[in-house]
Amino acid sequence: MATPDFSQLSSGSGPEKKSFWNRPEGVLGMIVLAGIAGFGLWHLNDILEFLIRATSNLLELSLLLGALGVLIFLFTSKDVRTAVFFLFKSLMRSLTGTVIQLNPIAIMKIYIQDLKDKREKMQGQINTLAGQLVKLNKRINENNEAIKQKFAEANKANSMTEKPGMREAAQLATIEGAGLQEMNEKLLPLQRNMKQVLAFMEKVNQSADYIIKETEIKVRLKETEYQIVKESSNALKTAVSLFKGDPDKKFYFDQSMEYIQDDMSNKLGEMKRAMDLSMDFINGVDIQNGILSDKGQALLEAYNKGEFKMVQLDAPPQTVNLGPAPQKDAGYKNLLD
């Protein structure tokens with residue numbers, strides 16, 4: 001019988017549509033429901049104690065019956081059940097999507113590792129089946145040798161029928177040989193079936209190696225592509241941020257610029273006011289210095305001309321006309337303009 005070719009097991013025409021409970025979100029949903037059921041069983045005594053305590057009060061009993069009626073309505077209403085089912089389905093799908101989004105490459109590698117574990121388990125089963133086939137072949141061969149031995153004993157006993165008990169010995173040996181032959185006839189189909197199953201599992205093992213290697217190549221390629229796309233996206237975001245700027249950082253930058261501008265304005269205003277307040281004093285000092293300088297120059301010219309007169313203790317003081325005074329704020333008028 002020709003061994004069927006199972007090398008195309010992984011190349012189906014298209015993925016079979018699975019129900020919700022066969023999808024990852026369905027498995028997660030079953031785990032959540034099992035957790036809720038386990039929590040209920042764990043706290044069953046507390047729940048029963050609460051029910052007993054609640055039924056001891058008439059008002060609490062009425063409220064409990066009302067709540068029970070609402071629950072019965074919710075469970076018996078098809079619309080409510082459908083809405084709750086779709087809500088639960090959407091929640092489980094969202095949780096599953098969140099887990100996938102955390103590290104999709106790691107999930108793919110976990111899937112490959114699971115395939116490898118199953119392949120190792122299957123290889124162990126193949127070894128066990130091969131061992132059983134060896135034992136079965138050995139038993140059939142041992143039975144054939146025993147059949148030959150029994151038929152030889154029967155022939156020998158038939159040749160000695162004149163002796164007492166030989167006919168019975170020959171008959172017994174013949175019966176034993178026939179029983180062994182019947183056993184071999186029943187073991188032979190089993191042996192053929194085991195050989196077919198073993199050949200099938202060997203073919204599946206080869207296909208599994210091909211599937212795992214192909215999947216590993218796909219994952220490595222997808223990981224490289226994903227890494228390149230992520231790096232390119234990050235580089236592009238950096239380039240765009242040079243023009244747009246990071247919104248949070250730009251906010252602090254604008255606030256810092258505004259603070260510096262306000263602080264500079266305040267300090268310049270304080271300097272302007274301080275200079276305005278001290279301008280009268282500075283102008284007064286400049287006027288006095290100018291007057292003294294002009295007076296000294298006039299006295300020097302008078303001294304050189306011989307017109308300078310020393311101050312006499314008993315002479316009245318003389319005033320010298322030094323000309324018009326300099327205009328106020330003349331030297332500092334445009335200081336801060």
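All figures in this text were calculated on a predicted structure; none of them were measured in a lab.
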Worked check of side-chain hydrogen bond (donor to acceptor under 3.5 Å, both in side chains) between E231 and Q227: CA-CA 6 Å; E231 294 296 334; Q227 188 66 28; 3.0 Å; yes

Side chain to side chain contact (heavy atoms under 4.5 Å, CB included) between K186 and M183, intermediate numbers included: CA-CA 5 Å; K186 291 182 179 180; M183 179 184 295; 5.9 Å; no

Residues L236, S232; criterion side chain to side chain contact (heavy atoms under 4.5 Å, CB included); working and verdict: CA-CA 6 Å; L236 183 61; S232 301; over 6 Å; no

Full working for salt bridge (Lys or Arg N to Asp or Glu O under 4.0 Å) between D209 and K213: CA-CA 6 Å; D209 288 336; K213 291 177 181 178; 5.9 Å; no

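For the atom pair OG1 of T215 and CZ of R220, the computed distance is 10.5 Å after rounding to the nearest 0.5 Å. Between the CD1 atom of I260 and the CE atom of M264 there is a distance of 8.5 Å, given to the nearest 0.5 Å. If you take CG on L188 and CG on N143, they are separated by 11.5 Å, rounding to the nearest 0.5 Å. Taking CD of Q206 as the start and CZ of R119 as the end, the distance is 12.0 Å to the nearest 0.5 Å. With rounding to the nearest 0.5 angstrom, the CD atom of E142 is 10.5 Å from the CD1 atom of I140. Here the straight-line distance linking atom CD of Q113 with atom CG of L115 works out to 9.5 Å at 0.5 Å rounding.
The residues K116 and E120 are annotated as not salt-bridged, no charged nitrogen and carboxylate oxygen being separated by less than 4.0 angstrom. Look at K156 and E153 and you find no salt bridge, because none of the NZ, NE, NH1 or NH2 atoms lies under 4.0 Å from a carboxylate O. Note on K121 versus D117: no salt bridge recorded, every NZ/NE/NH1/NH2 to OD/OE distance being 4.0 Å or above. Using a cut-off of 4.0 Å between Lys/Arg side-chain N and Asp/Glu carboxylate O, D263 and K267 are scored as salt-bridged.
Within a 6.0 Å sphere centred on CZ of R167, other residues, nucleotides and ligands contribute 12 heavy atoms or fewer. For CD of Q261, the number of neighbouring non-hydrogen atoms (other residues, nucleotides, ligands) closer than 6.0 Å is 12 at most.
In terms of heavy atoms, G177 sits closest to I147 at O-CG1, 3.6 Å. Among all heavy-atom pairs drawn from T174 and A170, the shortest one is OG1-O, 2.8 Å.
Under a hydrophobic clustering in which Ile, Leu, Val, Met, Phe, Trp and Tyr are joined whenever their side-chain heavy atoms come within less than 4.5 Å, directly or via other members, F200 and L198 fall into the same cluster. No path of Ile, Leu, Val, Met, Phe, Trp and Tyr side chains, each step under 4.5 Å between heavy atoms, connects F151 with L172, placing them in separate hydrophobic clusters. A continuous path of Ile, Leu, Val, Met, Phe, Trp and Tyr side chains, each step under 4.5 Å between heavy atoms, connects Y111 with I212, placing both in one hydrophobic cluster. Clustering ILVMFWY residues whenever any of their side-chain heavy atoms sit less than 4.5 angstrom apart, transitively, puts Y226 in the very cluster that holds M108.
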Listed pairs under 3.5 Å, donor-acceptor, residues 127-138 side chains, sequence neighbours left out:
unit_1	atom_1	unit_2	atom_2	d
N127	ND2	Q123	O	3.2
T128	OG1	G124	O	3.0
N137	OD1	Q191	NE2	2.9
N137	ND2	L133	O	3.3

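With N234 contributing its side chain and K230 its backbone, the two residues share a donor-acceptor pair below 3.5 Å. A donor-acceptor pair under 3.5 Å is absent between the side-chain atoms of S233 and the main chain of V229, judged by distance alone. For N266 (side chain) and D262 (main-chain N/O), a donor-acceptor pair under 3.5 Å exists by modelled atom type.
Scored by the ring-ring contact (aromatic ring centres under 6.0 Å, His included) test, Y259 finds no partners at all (sequence neighbours excluded).
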